[in-house]
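Have a look at the structure below before the remarks.
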Amino acid sequence: MPPVFAHGRLRLYLLKLLDEAPRHGYEIIRLLEERFQGLYAPSAGTVYPRLAKLEAEGLVTHTTEGGRKVYAITDAGREELAGRQGELAELELEIRESVSALAADIREDVRGAAGDLRRQVREAARLTRAAADSHSFDSAKEDYRRAKEQWKEQARRAKEESRRARQDAQQARHQAREAQERAREEVRRATERVQEQVQEHLRRGDWPAGIAEGVSALAKEFGAFTARTAGAAGEAGTPGTHGTAGTNGTRRAEPPAGPAPEWAEAADSLSKDPARDLDRLLDRFRDDIRDAARDHGVTPEQLAESRRHLADAATRITALLHPGD
């Protein structure tokens, strides 16, 4: 059977559980067992060393209550968790798929055990008939009947668990598609609003201010869009709970959009050469993106999404520079 958590994923999920509320180690083990519908529970030797490592990295801290260590997430832990919302959404889907895979393994084990039991019962019945011991035969027959009932009940439970796992996975994929469509619509509307603002400046002949305001507004719109996307990702449900923000049912406040970069609003620093000023703005824009990528890293999903935003922005600005094409 494949591992339940891929490399580094249990560490991420521990941060998620501690972000919901402070917990002690055995409470975390019990919650993981509930998330997997009783099919999997990590050992203390798996959970506690990872908690100790997270504490050494400054991502969690602990206090002692009643002789137990109660762990809580730090600001640094929340920052890392916020930056890995995409991985967390994938992990939730992987957990649902793991539950389905574990249920399938259980069904196979049940079939094998039932087959062995039937063979053993048949052999016992044959020996009993050969010895003409009717009492032993009746006892073996009753054992077989009970074993058959147990096998049917186990098979029914495994089938029901598999069905629930498939439903959870389908619901997660549907929610992901809806979120993607909403994000695309927001980006389209934001770029249209920015384009209208810049074209108004161009009609008045105020070229430098038009470019500066357009880049500034575009940065603000994307900042607000990123904040809304992060808030929506934090409201995704978890297996077994079907919540909208986490297992405790609360909604997290959306983080405020960050201010526009200073260079995007510094219209007074423009020269009389608009083309040169545009080159400078693009250099500052590129430097900010590089710094963010270097400081926080880039996942394949973030790269694909960034490429789409940049392509859309390039198309809009190119249309502004060539209004007659």
Side-chain angles (χ1 to χ4, degrees), residues 1-6 8-10 12-17 19-20 31-40 81-107 156-192 221-222 224-255 257 298-309 311-312:
M1 182 179 68
V4 174
F5 287 100
R9 293 300 182 91
L10 178 57
L12 176 61
Y13 209 71
L14 291 177
L15 286 177
K16 168 185 168 55
L17 293 177
D19 185 48
E20 296 171 358
L31 283 173
L32 285 170
E33 184 176 6
E34 291 177 358
R35 299 287 166 88
F36 281 90
Q37 301 178 12
L39 300 177
Y40 164 78
L81 191 62
R84 300 178 66 185
Q85 287 296 323
E87 292 182 54
L88 188 58
E90 292 178 357
L91 179 56
E92 295 289 2
L93 182 57
E94 290 174 2
I95 289 177
R96 293 183 176 92
E97 293 174 348
S98 294
V99 170
S100 180
L102 289 170
D105 290 340
I106 290 175
R107 287 197 301 273
R156 185 192 63 78
R157 291 179 181 177
K159 184 177 180 180
E160 179 65 20
E161 290 165 356
S162 177
R163 183 187 63 80
R164 286 198 300 266
R166 287 196 301 270
Q167 290 177 344
D168 289 343
Q170 290 173 354
Q171 182 181 5
R173 287 193 292 268
H174 178 69
Q175 291 174 347
R177 286 195 297 269
E178 289 182 343
Q180 186 178 26
E181 291 299 325
R182 288 195 298 270
R184 288 177 179 172
E185 181 63 18
E186 288 191 28
V187 170
R188 183 187 65 78
R189 292 177 180 173
T191 52
E192 287 180 354
E221 292 288 352
F222 282 154
F225 164 73
T226 302
R228 289 193 298 272
T229 303
E235 296 172 0
T238 56
T241 61
H242 303 288
T244 58
T247 55
N248 57 6
T250 59
R251 293 177 62 88
R252 299 177 187 167
E254 294 184 356
V298 182
T299 66
E301 293 77 9
Q302 290 171 333
L303 175 60
E305 189 71 5
S306 297
R307 180 182 293 112
R308 188 171 66 81
H309 292 329
D312 194 36

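By convention here, the first residue in the shown sequence is residue 1.
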Point to revise | N-O pairing of Glu160 and Arg156 below 4.0 Å | key: no
Point to revise | For Glu301, side chain to side chain contact (heavy atoms under 4.5 Å, CB included) partners two or more places apart | key: Glu90, Thr299
**Study point:** Side-chain donor-acceptor contact under 3.5 Å, Gln170 with His174
**Key:** no
Check your understanding: Atom CG of Leu17 and atom CG of Leu12: how far apart are they, to the nearest 0.5 Å?
Key -> 10.0 Å
Check your understanding: Are Arg157 and Glu161 within salt-bridge range, i.e. N to O under 4.0 Å?
Key -> no
**Study point:** Partner set under side chain to side chain contact (heavy atoms under 4.5 Å, CB included) for Gln167, not counting sequence neighbours
**Key:** Arg163
Practice item. Begin from the C-alpha positions of Leu303 and Arg307 and carry the test side-chain contact (heavy atoms from CB on, under 4.5 Å) through to its verdict. Key: CA-CA 6 Å; Leu303 175 60; Arg307 180 182 293 112; 4.0 Å; yes
Check your understanding: Side-chain contact, heavy-atom cut-off 4.5 Å: Val298 with Gln302?
Key -> yes
Exercise for review: Any chance you could measure Leu93, atom CG, to Gln171, atom CD, to the nearest 0.5 Å?
Suggested key: 11.5 Å
Practice item. Kindly determine whether Leu88 and Leu15 satisfy side-chain contact (heavy atoms from CB on, under 4.5 Å), including the steps that lead there. Key: CA-CA 10 Å; Leu88 188 58; Leu15 286 177; over 6 Å; no
